[in-house]
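Here's the structure we're looking at; comments come further down.
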Protein chains: 4
Amino acid sequence: MVNDKKKPSDKHRRIIEAALKVFAKNGFYNSKVSEIARAAGVADGTIYLYFQNKDDILISLFEEEMQGVLDQVNLAVGQETDPAKKLERFALAHLSLVEQNQEMAEIIQVEVRQSSKFMRGYANIKFQEYLNIISGIIKEGQALGVFRADIKPGVAKRAFFGALDEMSRYWVLSTARKYSITAAAQEISRFFLEGIQERKP
Amino acid sequence: MVNDKKKPSDKHRRIIEAALKVFAKNGFYNSKVSEIARAAGVADGTIYLYFQNKDDILISLFEEEMQGVLDQVNLAVGQETDPAKKLERFALAHLSLVEQNQEMAEIIQVEVRQSSKFMRGYANIKFQEYLNIISGIIKEGQALGVFRADIKPGVAKRAFFGALDEMSRYWVLSTARKYSITAAAQEISRFFLEGIQERKP
Amino acid sequence: MVNDKKKPSDKHRRIIEAALKVFAKNGFYNSKVSEIARAAGVADGTIYLYFQNKDDILISLFEEEMQGVLDQVNLAVGQETDPAKKLERFALAHLSLVEQNQEMAEIIQVEVRQSSKFMRGYANIKFQEYLNIISGIIKEGQALGVFRADIKPGVAKRAFFGALDEMSRYWVLSTARKYSITAAAQEISRFFLEGIQERKP
Amino acid sequence: MVNDKKKPSDKHRRIIEAALKVFAKNGFYNSKVSEIARAAGVADGTIYLYFQNKDDILISLFEEEMQGVLDQVNLAVGQETDPAKKLERFALAHLSLVEQNQEMAEIIQVEVRQSSKFMRGYANIKFQEYLNIISGIIKEGQALGVFRADIKPGVAKRAFFGALDEMSRYWVLSTARKYSITAAAQEISRFFLEGIQERKP
DNA sequence: CATGAATGAGCTTTCATTCAT
DNA sequence: AATGAATGAAAGCTCATTCAT
């Protein structure tokens with residue numbers, strides 16, 4: 001009864017979700033607005049009551065989904081106190097989200113990257129925020145003396161994210177899944193935390 | 001008299017180079033064939049004497065440039081014998097090539113990734129070969145006992161490449177260059193080889 | 001108020017009629033879709049809401065007009081019982097239709113003949129039906145014993161149609177009309193029915 | 001030895017013959033000049049040393065081949081004195097030529113008819129001459145009193161030619177040949193000469 | 001709010017023709 | 001005479017966007 005009537009832009013949601021599927025399947029430039037409309041069960045013109053243009057669908061889609069990703073990853077990371085554990089949690093959360101929402105993962109990896117270059121005035125703040133979760137953890141670790149002080153967080157965040165992302169790409173594109181998410185997250189975190197060299201005992 | 005013979009397919013080269021610039025500037029889908037033709041100093045129709053269609057320009061561009069990359073990186077890596085040094089060389093060569101040919105780097109990162117998904121029957125063998133240089137080095141290191149035996153080369157190659165690639169993206173997109181290539185290559189290799197954790201003495 | 005409902009696909013009709021004029025004037029291959037659009041008073045793109053492509057315009061045009069022709073000729077022929085009279089009626093109806101709709105006649109004679117050879121999978125059933133009106137009459141006459149039993153209807157239908165058609169071509173192409181439709185229909189029917197030889201008394 | 005060196009425009013001939021095949025296969029508008037060149041074993045540009053343009057190839061092809069047809073048919077007809085026999089000879093010669101050179105027959109029926117409408121200032125005199133062989137025979141027959149005096153030769157020539165031509169079309173397009181040439185020529189001539197009506201004895 | 005028919009700018013690609021060699 | 005690489009105008013078709021209903 002409290003929230004009985006709240007369907008704020010049901011159409012908006014349906015369009016976003018339709019666009020998610022369509023963009024993931026065909027790519028942004030090969031997707032037609034009319035196909036999104038059909039998938040969403042609305043008329044072509046209706047799209048333009050909720051979005052300014054085709055670009056805007058992609059950007060809105062990204063922004064909205066990315067906010068959810070940020071929230072979930074922050075939540076997961078917040079459950080640990082040890083920076084090393086936090087990084088492992090980050091990896092696990094990231095790969096889990098990729099697994100749960102492959103379509104979104106494909107779009108972020110391919111379309112947004114591609115499009116953010118060509119869409120006027122789109123700064124992609126959300127992605128910066130996401131990377132800064134990593135650099136935040138690293139700085140924390142450095143402050144605690146558990147991570148090397150000479151590490152540059154701005155470089156390390158990219159290296160760590162890049163490793164995860166390239167792994168995800170392989171994940172998303174290949175049909176056969178060889179490893180468990182948990183195992184993969186641990187493995188990549190370990191590369192990053194301990195390196196691959198054999199320790200001389 | 002020494003060099004009497006005409007350069008074979010001078011036009012082919014000019015079109016590839018024009019496409020490189022145009023695709024890097026506008027992205028594949030926002031580039032017009034006529035713009036490539038203009039940039040190459042040929043007529044629109046001439047493009048189609050050398051390439052089957054617009055897609056083919058991108059694929060040819062990638063294949064040809066990528067071969068050069070493979071050759072140069074293999075050469076660089078071959079100058080070392082220590083696997084750890086080889087990885088560092090790989091990183092250095094990769095980042096140097098990105099630096100020297102930013103347009104190509106952008107196209108590989110954005111367009112080819114994007115397009116290879118949607119261009120029917122394009123397997124992107126060259127990229128596989130590139131990644132396998134890394135896994136080759138890792139296997140070598142494992143055989144010599146200098147890299148941990150439990151490392152999965154198929155995962156590690158992606159992690160290492162991903163780290164470099166994400167770094168390159170930042171490089172290419174940001175105008176200000178903060179670090180030297182050499183320093184960055186060493187730093188990323190070190191993450192990978194030694195990890196970021198402080199060693200307890 | 002009686003006729004409140006909008007004419008369904010008014011545009012379809014207008015495009016067909018515009019195409020009729022344009023194809024007759026320039027021939028199929030020399031006609032531009034944009035010219036048809038202009039003649040129909042619609043935008044270029046509108047054509048493609050009603051027809052799949054340029055070929056489809058020609059085929060649709062033919063099918064629709066030909067159905068009208070079939071109906072009218074069948075009606076005319078049905079008004080006679082004597083097979084000889086029926087053939088004369090056929091000739092008269094055919095030539096009348098040619099006269100009334102010269103543009104359509106030209107298109108059928110030239111474009112459809114030409115195109116049906118090159119348009120994949122176009123069987124031209126309607127034309128078969130048209131010829132079979134003639135062979136039907138002939139068989140009827142043979143059954144009644146008024147036409148020679150050794151006549152092959154499959155050959156005779158082509159001979160009769162060919163005679164009418166060649167006459168029509170002359171008609172359509174020449175500006176000056178020398179004979180009346182009725183006289184011409186009678187004359188050609190008579191060749192066919194009685195031959196041209198002088199009877200020895 | 002007498003005529004040992006006479007190869008006047010060997011290329012000209014080769015191009016005509018290549019065009020014959022190519023036009024028959026694809027139709028005039030779907031044929032490429034380069035395909036004719038390839039079929040003739042000459043370079044694209046060479047075509048333009050012998051013909052003004054693509055239209056000119058078709059017209060020349062028609063004119064040259066048609067002259068041969070005229071000569072042969074005139075020869076055949078000239079071997080008879082009886083006008084009725086002459087018409088039968090005409091039919092036989094016509095159908096034989098169609099049979100012997102189906103490619104040419106297709107081109108005359110479809111392409112030349114189509115094109116002569118749209119090629120500026122092409123009067124198609126040769127075709128007139130061909131039809132006039134028939135009207136000549138009819139006038140001769142009328143003068144001798146063996147054909148009815150009220151027959152209009154201008155109409156009859158078209159009716160006779162049309163009957164043969166429609167038959168030929170069927171011939172050329174259908175794969176299965178049901179009747180012998182001789183039988184068909186006789187049959188069609190008989191329609192024309194005697195009609196199809198049963199004679200009351 | 002919602003519709004979807006209509007628009008028309010803009011793209012890729014083709015191919016007859018030319019001309020330097 | 002012969003070549004064939006190069007040209008560039010031209011055309012079919014698509015699809016994001018609009019707007020009358």
Side-chain angles (χ1 to χ4, degrees), chain A residues 9-12 15 28-38 40-57, chain B residues 6 8-12 14-15 29-38 40-57, chain C residues 6 8-12 14-15 29-38 40-57, chain D residues 9-12 15 28-38 40-57:
Chain A
S9 62
D10 164 46
K11 295 267 172 73
H12 181 98
I15 293 167
F28 180 75
Y29 286 101
N30 292 311
S31 296
K32 297 168 211 167
V33 171
S34 63
E35 192 182 348
I36 297 172
R38 185 161 18 88
V42 300
D44 292 19
T46 305
I47 300 269
Y48 291 86
L49 297 176
Y50 295 93
F51 301 91
Q52 296 184 357
N53 50 38
K54 194 184 166 188
D55 286 8
D56 189 37
I57 304 174
Chain B
K6 224 179 327 169
S9 70
D10 162 47
K11 295 268 169 70
H12 182 98
R14 267 161 55 200
I15 293 166
Y29 287 101
N30 293 310
S31 296
K32 292 165 234 162
V33 172
S34 62
E35 193 181 347
I36 297 172
R38 186 159 19 88
V42 300
D44 290 19
T46 305
I47 301 270
Y48 292 87
L49 296 177
Y50 295 92
F51 301 91
Q52 296 186 354
N53 49 40
K54 196 184 161 188
D55 285 9
D56 190 37
I57 303 175
Chain C
K6 226 180 322 168
S9 70
D10 163 48
K11 296 268 168 70
H12 181 97
R14 268 163 53 201
I15 293 166
Y29 287 101
N30 293 311
S31 296
K32 292 165 234 162
V33 171
S34 61
E35 193 181 348
I36 297 172
R38 186 158 19 87
V42 299
D44 290 20
T46 305
I47 301 271
Y48 293 88
L49 295 177
Y50 294 93
F51 302 91
Q52 296 185 354
N53 50 40
K54 196 184 163 190
D55 285 9
D56 189 38
I57 303 174
Chain D
S9 62
D10 163 48
K11 295 267 171 74
H12 181 99
I15 293 166
F28 179 75
Y29 286 102
N30 293 311
S31 296
K32 297 167 213 166
V33 172
S34 62
E35 192 182 348
I36 297 172
R38 184 159 21 89
V42 301
D44 291 19
T46 306
I47 300 268
Y48 292 85
L49 297 175
Y50 294 93
F51 302 90
Q52 295 182 358
N53 50 38
K54 194 183 164 188
D55 285 8
D56 188 37
I57 303 174

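Every value quoted in this text rests on a predicted model; they were computed, and no experiment measured them. Below, chains carry the letters A, B, ... as their sequence lines are ordered, and counting in each starts from 1.
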Within this structure, what is the [atom1]-[atom2] distance for the pair [X] and [Y], rounded to the nearest 0.5 Å?
{"X": "C:N53", "Y": "C:I47", "atom1": "CG", "atom2": "CD1", "value": "11.5 Å"}
{"X": "C:I57", "Y": "C:Q52", "atom1": "CD1", "atom2": "CD", "value": "11.0 Å"}
{"X": "A:L49", "Y": "A:I15", "atom1": "CG", "atom2": "CD1", "value": "8.0 Å"}

Would you mind reading off the distance between [X] atom [atom1] and [N] atom [atom2], rounded to a whole angstrom?
{"X": "C:L49", "N": "E:dG4", "atom1": "CG", "atom2": "C1'", "result": "10 Å"}
{"X": "C:D10", "N": "E:dA6", "atom1": "CG", "atom2": "C1'", "result": "13 Å"}
{"X": "A:D56", "N": "F:dA16", "atom1": "CG", "atom2": "P", "result": "14 Å"}
{"X": "C:N30", "N": "F:dA10", "atom1": "CG", "atom2": "P", "result": "14 Å"}
{"X": "B:R14", "N": "F:dA6", "atom1": "CZ", "atom2": "C1'", "result": "11 Å"}
{"X": "B:I47", "N": "F:dG8", "atom1": "CD1", "atom2": "C1'", "result": "13 Å"}
{"X": "C:E35", "N": "F:dG12", "atom1": "CD", "atom2": "P", "result": "10 Å"}
{"X": "C:I36", "N": "F:dC13", "atom1": "CD1", "atom2": "P", "result": "11 Å"}

List every contact pair, protein side and nucleotides 17-21 of chain F side both N or O, where the distance is under 3.5 Å.
residue : atom : partner : partner atom : Å
F:dT17  : OP2  : A:Y48   : OH           : 2.9
F:dT17  : OP2  : A:K54   : N            : 3.0

Of all the choices, F:dC15, E:dT3, E:dT7, which nucleotide is nearest to the side chain of A:K32 once you look at every atom? F:dC15
Under the ring pair (Phe, Tyr, Trp, His ring centres under 6.0 Å) rule, collect the residues that match up with C:F51, sequence neighbours excluded.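 C:F51: ring pair (Phe, Tyr, Trp, His ring centres under 6.0 Å) contacts with C:H12.
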Sub-3.5 Å donor-acceptor pair from the side chain of D:K32 to the main-chain atoms of D:A37, do we have one? no
Run the numbers on D:D55 and D:F28 for side-chain contact (heavy atoms from CB on, under 4.5 Å), then give the verdict. CA-CA 9 Å; D:D55 285 8; D:F28 179 75; 3.3 Å; yes
Assess the side chains of A:Y29 and B:N30: does a donor N or O sit below 3.5 Å from an acceptor N or O? yes
5' priority, DNA chain F, between C:S31 and B:A43 [closest heavy atom]: B:A43
Between C:K11 and E:dA6, is there a side-chain N or O to OP1/OP2 distance below 4.0 Å? yes
Mind checking which stems touch DNA chain F? I mean at least 3 consecutive Watson-Crick or G-U pairs, both distances under 3.5 Å.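 E:2-21 with F:2-21 - these are the stems of 3 or more pairs that involve DNA chain F.
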Contact class for D:Y50 vs. all strands (heavy atom < 4.0 Å): base, sugar-phosphate, or nothing?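 The residue D:Y50 makes sugar-phosphate contact but no base contact.
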